[in-house]
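Quick notes on the structure that follows.
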Number of protein chains: 2
Amino acid sequence: MNSKNDRQTTQQERIDSLLSDQGINLTRQRRVIADTLFARNQHLTADQLFEMVKQAGARVSKATVYNTLGLFVKKGLVREIFIDANRTFYDSNTSHHHHFYNVDTGDLIDIKERLAPHFVNHELPAGTAMDVVDLVIRVRNSHP
Amino acid sequence: MNSKNDRQTTQQERIDSLLSDQGINLTRQRRVIADTLFARNQHLTADQLFEMVKQAGARVSKATVYNTLGLFVKKGLVREIFIDANRTFYDSNTSHHHHFYNVDTGDLIDIKERLAPHFVNHELPAGTAMDVVDLVIRVRNSHP
DNA sequence: AACCAATTTATAACTATTCTAAACACCTAC
DNA sequence: GTAGGTGTTTAGAATAGTTATAAATTGGTT
Ligand SMILES: [Mn+2]
Ligand SMILES: [Mn+2]
Ligand SMILES: [Zn+2]
Ligand SMILES: [Zn+2]
């Protein structure tokens, strides 16, 4: 067993326990989807992820990509970002952060700083609890 | 001419100049859509607005509702709020404010306070200018 | 009236997402 | 090993919000 295999095994174990820790059963499809998605911090559409998984040589249906993304969102492994009526991104980085969206280029960029305020329960509508704070700063090219 | 008619005339004149000031030609359809939408501060889907206009006795096609909303958005008379992949709201209040969205009930509520930070150009991605700051606090019912 | 540009309209097209029901995978019991 | 069961995947259909198309209508101008 060389060091390359060691690293791969370790990375696979990380992905596996990421899913297992959330009570997600391991399957070939969920593993390859998670491998692709969690390889780095990125914002992908379902279709982009589908294409990347295909590119990696795996046979996974688009329905499974949607099912799995929905499952990951429910388990808190991934964050949905609704940009407009026909553009949903999935963010592999679930830590508290916000986004710039360039309406001209379609680029979605992380904002490092914590811009949105903290909420305490009594500031929320009665009988509700915080789910998530979605802050999107829409920008356009200055000289189009 | 009684005071009721005075008021109606005045209100119609307000709507007319709201549109004219943006270089929008006045038509029967644009007037009834604007009357309905700008009657109060509210968040409506295209379909809700379409139904309200029908209810008011006017014959306006859904295509015209979409065309007119798109025109109003372009002219800055109305603000689009993208809640999820199949829920776009149109906000008749374009002043700087943000929203609570209850994922259980579907309610979209204004937040009075100014929560999101101000931006100056050098804080934005290079070569871009601010368009709009969209802040949505998603909440769920505490005891579902 | 004839003309013209802008607008509206019905309808089709598009597309992201969800649904459906059958096939498949994997495990356990016998 | 075979049967049975549960969870998962799959192709394809369905759904629904939105946009595009192209013909009809409107309202103003000569
Ligand atoms: Mn908190
Ligand atoms: Mn859609
Ligand atoms: Zn991000
Ligand atoms: Zn609002």
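When reading the values below, keep in mind they use all heavy atoms of this one structure, side chains included, and skip hydrogens, waters and symmetry mates. Order of the sequence lines fixes the chain letters, A, B, ..., with proteins taken first and strands second; residue numbering starts at 1 for each chain.
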- Query: In whole angstroms, how far is the P atom of C:dT7 from the CG atom of B:L19?
  - Reply: 12 Å
- Message: I'd like to know if the side chain of B:H99 pairs up with that of B:D134 as donor and acceptor (distance under 3.5 Å, no hydrogens or angles considered).
- Response: no
- Between B:A85 and B:V65, the residue closer to the 5' end of DNA chain C by nearest nucleotide is B:V65
- Message: On the nucleotide D:dT10, are OP1 or OP2 found under 4.0 Å from the side-chain N or O atoms that A:Q29 carries?
- Response: yes
- Message: C:dC26, OP1 or OP2 - any side-chain N/O from A:R28 closer than 4.0 Å?
- Response: no
- Verify the contact: side-chain N or O of B:N67 to OP1 or OP2 of C:dT7, cut-off strictly under 4.0 Å; return yes or no. no
- Query: B:I24 CD1 to C:dT7 P: how many Å, rounded?
  - Reply: 10 Å
- Just how far, in rounded Å, is C1' of D:dA16 from CD of B:E51? 15 Å
- Task: Output yes when at least one side-chain N/O atom of B:T27 is less than 4.0 Å from OP1 or OP2 of C:dT8, else no.
- Result: yes
- What's the closest nucleotide to the A:A63 side chain, out of D:dT10, D:dT18, C:dT9? D:dT10
- Report yes if at least one side-chain N or O of A:N25 is closer than 4.0 Å to OP1 or OP2 of D:dT8; otherwise report no. yes
- Regarding A:S17 and A:S20, is there a side-chain donor-to-acceptor distance under 3.5 Å anywhere? no
- Item | Interatomic distance where CD belongs to A:E80 and P belongs to C:dT17 [whole Å] | 9 Å
- Message: Are A:Y101 and A:I137 packed together at the side-chain level, in the sense that at least one heavy-atom pair is separated by less than 4.5 angstrom?
- Response: no
- Query: Expressed in angstrom and rounded to an integer, what is the separation of B:R87 atom CZ from C:dT17 atom P?
  - Reply: 15 Å
- Applying side chain to side chain donor-acceptor pair (under 3.5 Å) between A:D110 and each of A:Q42, A:H98, A:H43, report the one that passes. A:H43
- Presence of B:R59 side-chain N/O under 4.0 Å of C:dT8 phosphate oxygens OP1/OP2: no
- Does B:R30 have a side-chain nitrogen or oxygen under 4.0 Å from the phosphate oxygens OP1 or OP2 of C:dT7? yes
- Message: Is it the case that the side chains of B:D47 and B:T45 hold a donor-acceptor pair, with the cut-off being a distance below 3.5 Å and no angle test?
- Response: no
- Message: Students often get this wrong, so: under 4.0 angstrom with heavy atoms, is B:T88 touching a base, only sugar-phosphate, or nothing?
- Response: sugar-phosphate
- Does B:Y66 make a side-chain N or O approach to OP1 or OP2 of D:dT19 shorter than 4.0 Å? no
- Message: In this structure, how many angstroms lie between the C1' atom of C:dT8 and the CG atom of B:L26, rounded?
- Response: 16 Å
- Task: Report yes if at least one side-chain N or O of B:S61 is closer than 4.0 Å to OP1 or OP2 of C:dT8; otherwise report no.
- Result: no
- Give the rounded distance in Å between these two atoms: NZ of B:K62 and P of D:dT21. 20 Å
- Message: From CG of B:L71 over to C1' of C:dT8, roughly how many Å is that when rounded to an integer?
- Response: 13 Å
